[in-house]
Amino acid sequence: MILKDTFITGDMLVQYYELNKQKKEIELEMDTLKDAFHQYFNQLIGPNDKGEITISGYKLQRQIRKTEKYNDEETIKRLEELQLNDLIQVVKKPDDVKIKSALHLGLLKEEQLDGCIITTYSPAISVKTLAPR
């Protein structure tokens with residue numbers, strides 16, 4: 001529903017509020033069903049295996065996504081032991097806490113950081129009822 005001339009009505013707020021409430025209830029029900037499906041497959045084939053069943057013309061599939069990443073501390077320690085320091089990244093990054101402290105103590109002026117701060121905005125909508133329903 002695209003509004004040509006922007007206007008907000010009480011009915012719109014009520015509708016949004018009620019739909020949002022239904023959405024949360026639906027998500028809760030779906031999460032409960034997903035948990036039941038995962039338990040079924042865990043018992044049938046194991047926790048890290050994909051599976052598939054067909055019931056009443058519907059196919060239920062479980063896929064397993066595997067991600068791997070290095071344990072930073074252990075990997076760095078091992079690479080240093082192996083004298084493979086070239087495989088270790090040195091990441092330079094501003095320390096937000098120290099910068100704020102330096103600003104507070106007057107060691108750094110905000111003007112000195114002009115052009116260094118990235119500001120992002122993300123709009124969010126919230127509709128709450130003022131009267132108990």
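Bear in mind the structure is a predicted one, so any value in this text is a computation, not a measurement.
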K77/E80 under salt bridge (charged side-chain N to carboxylate O under 4.0 Å, His left out): CA gap, chis, key distance, verdict: CA-CA 5 Å; K77 183 178 163 189; E80 287 175 340; over 6 Å; no
Heavy-atom side-chain proximity of L13 to I8 below 4.5 angstrom: yes
More than 12 heavy atoms of other groups within 6.0 Å of E73 CD: no
Side chains of I117 and T119 in contact at under 4.5 Å (non-hydrogen atoms): yes
Gap separating the CD atom of Q112 from the CG atom of L103, nearest 0.5 angstrom: 8.5 Å
Separation between NZ of K98 and CG of D96, rounded to the nearest 0.5 Å: 12.0 Å
Min side-chain heavy-atom separation Y17-T129 under 4.5 Å: yes
Atom pair CG (L33) and NE2 (H38), whose distance is rounded to the nearest 0.5 Å: 11.5 Å
Rounded distance (nearest 0.5 Å) linking atom CZ of F41 with atom CG of N48: 14.0 Å
From L82, T75, L79, residue fulfilling side-chain contact (heavy atoms from CB on, under 4.5 Å) relative to L87: L79
Neighbour count >12 (heavy atoms, 6.0 Å) for atom CG, D86: no
Cluster check L28, M30: I/L/V/M/F/W/Y, side chain < 4.5 angstrom: no
Cluster overlap I45 with F37, hydrophobic side-chain contacts below 4.5 Å: yes
4.5 Å side-chain heavy-atom contact, L113 and I99: yes
Heavy-atom side-chain proximity of I53 to Y40 below 4.5 angstrom: yes
Cluster overlap L84 with I88, hydrophobic side-chain contacts below 4.5 Å: yes
Short N-O contact, E27 and K24, less than 4.0 angstrom: no
Separation of E52 CD from T54 OG1 (nearest 0.5 Å): 5.5 Å
Nearest-0.5 Å distance that lies between atom NZ in K34 and atom CZ in R62: 13.5 Å
Electrostatic pair E68-K66, nearest N-O below 4.0 angstrom: yes
side-chain hydrogen bond (donor to acceptor under 3.5 Å, both in side chains) between N71 and R78, intermediate numbers included: CA-CA 11 Å; N71 174 315; R78 184 78 44 85; over 6 Å; no
Flag if over 12 foreign heavy atoms under 6.0 Å of CD, Q83: no
